[in-house]
Number of protein chains: 2
Amino acid sequence: MAMARRMTRPSEVTRERIIKAAERLFAESGYDGTSIRAIVAKAKVNQAAINYHFEGKDGLYREVLRAAFRGLTEHQLAHAEELNSMSREEALAQFVRRQLQPLLGRDEYSRHMRIFNWETVQPTAVFRSLVAEEAAPFLGLAADLVHRFLPDADQRTLTVAAVWLLGQCSVFVRNREQLPQPPIGLVLDEPAVDWLAATIGRWVIAGLQPAGRS
Amino acid sequence: MAMARRMTRPSEVTRERIIKAAERLFAESGYDGTSIRAIVAKAKVNQAAINYHFEGKDGLYREVLRAAFRGLTEHQLAHAEELNSMSREEALAQFVRRQLQPLLGRDEYSRHMRIFNWETVQPTAVFRSLVAEEAAPFLGLAADLVHRFLPDADQRTLTVAAVWLLGQCSVFVRNREQLPQPPIGLVLDEPAVDWLAATIGRWVIAGLQPAGRS
DNA sequence: CAGGAATTCAAACGACGGTTTGAAAAATGG
DNA sequence: CCATTTTTCAAACCGTCGTTTGAATTCCTG
């Protein structure tokens, strides 16, 4: 009975290679659209490695999804304290700008958002449970933001306002591919995204400002 | 050279049966998630019928997508005139309420919206062209609505405002599955949707109201 | 440096995907 | 009613999918 408690190093690098390649491909083409063979080709590992390390495609996807969730919450909650030291207007504008970040590039955060987008149409069981467990603090952050504008609102109104706030950003993120094309025709460089964030921020602030009633 | 110009009746019913079944299945599981065998089983036709009538799965999907687009624009533009006779506040509230309709049931309009949702993550070429051709009047409707609140705004602001308006509704429609579950926990019956539409409508109106500047 | 466990590898398996085929069955038109 | 076209049908084809297999190789440890 050998108690192999030490981490084995060389196998970890293939694990990482697989996860990295899978994250990119899942973000690009979704779960069904990504084949095991495409993943192992990109990761340059053997095909059986996925079943060996993750017990199948499902297990790998589960792992990628977990990592994406961790990335998202860290990315957002890391700046949560800064928001508290700002005015509510500044804090909301900052939040909106950060939500619009994926419009600019294909960084890690954008990939994570894209993986979640695949899930919104028909959520996996894995995704459902992850949302139920881990999305609460993130939604809470948005709820806290709107709470500073609606101090007298009841719980339901606050929750709806939080979802509403997220929707105003996500519609642009989700339809990023369509925005530059007709009939919309938006340019998506950095100043344009800054302007967009500022505009949306102004509308949100004005929308929540005078509405004290539930 | 027989000029068979007359429509053949009995074959049309199988065409319709296929389209009807395909629309439901595509809405439920998307293009990749729906198999030819599932469609013909639901439509109770032979498997080769799809290739015969539509020249393959792509052709069938194209047809379903066209029908969905027609349904959407008709559904919205049919009430476009009514909006003009209302005050801008009433018109916007009506528009929001109509956008939130899919929250309630699984009617035809909801299915069409669901098919579009599948496309937003990675749009098909067919979908892209349909959007470019046929979405303009629908987006124009939204743009006209916000134009009544922002009479001095430039073109870009109006377009962004239209997309923004649609986003505030679609975030609820898109995540309909998640809304009743934790950590959100919304009930989605008719009075709740009415309240939701009214609340969103109020926020949008307040948001656009004082912001006259671009 | 053995010896055993952990990991990699090429190949194949079985299931399911969309499409094709060629003949049988209706439908059409003179 | 017959000749021709149109439509249906069961079966098979061919490719891709995720997974399994069993041997070869590498890694760790005593």
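So you know, we letter chains A, B, ... as the sequences are listed, proteins then strands, and number each from 1.
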Of B:Y31 and A:A49, whose nearest nucleotide on DNA chain C comes first from the 5' end? A:A49

Spacing between B:K57 atom NZ and D:dT16 atom C1', to the nearest angstrom: 13 Å

Assess, by modelled atom type and distance only, whether the side chains of B:T124 and B:E119 contain a donor and an acceptor separated by less than 3.5 Å. yes

The residue, A:S35 or A:N46, whose nearest nucleotide of DNA chain D is more 5′ is A:S35

In whole angstroms, the gap separating C1' of C:dT7 from CD1 of A:I50 amounts to 15 Å

B:N51 CG to D:dT7 P: how many Å, rounded? 15 Å

Separation between OG1 (B:T34) and CG (B:L60), nearest 0.5 Å, reads 10.0 Å

May I have the distance from A:I36 (atom CD1) to D:dG15 (atom P), rounded to whole angstrom? 22 Å

Please report whether the ring centroid of B:F69 lies less than 6.0 Å from that of B:F116. yes

Based on the rotation axes of five pairs at each end, what angle does the helix from C:dC1-D:dG30 to C:dC16-D:dG15 bend through, to 10°? 0°

Distance in angstrom units between B:I18 CD1 and D:dT8 C1', rounded: 11 Å

Just checking, any donor-acceptor pair under 3.5 angstrom between side chains of A:Q76 and A:Q99? yes

Please determine whether a side-chain nitrogen of the Lys or Arg among A:E108 and A:R70 lies less than 4.0 Å from a carboxylate oxygen of the Asp or Glu. no

Counting only side-chain N and O atoms of B:T14, is one of them less than 4.0 Å from OP1 or OP2 of D:dT7? no

Expressed as a whole number of angstroms, how long is the span from B:R37:CZ to C:dT19:P? 11 Å

State whether a side-chain donor-acceptor pair under 3.5 Å links B:T157 with B:D154. yes

Between CD of A:E12 and CZ of A:R17, what distance do you get to the nearest 0.5 Å? 13.5 Å

B:A48 has its side chain closest, among C:dA10, C:dT8, D:dA10, to D:dA10

OH of B:Y52 versus P of D:dC9: gap in Å, rounded? 13 Å

So, does A:H53 get its side chain near the phosphate of C:dT8, meaning an N or O under 4.0 Å from OP1 or OP2? yes

Using whole Å, what does the distance between atom P of nucleotide D:dT7 and atom CZ of B:R17 come to? 16 Å

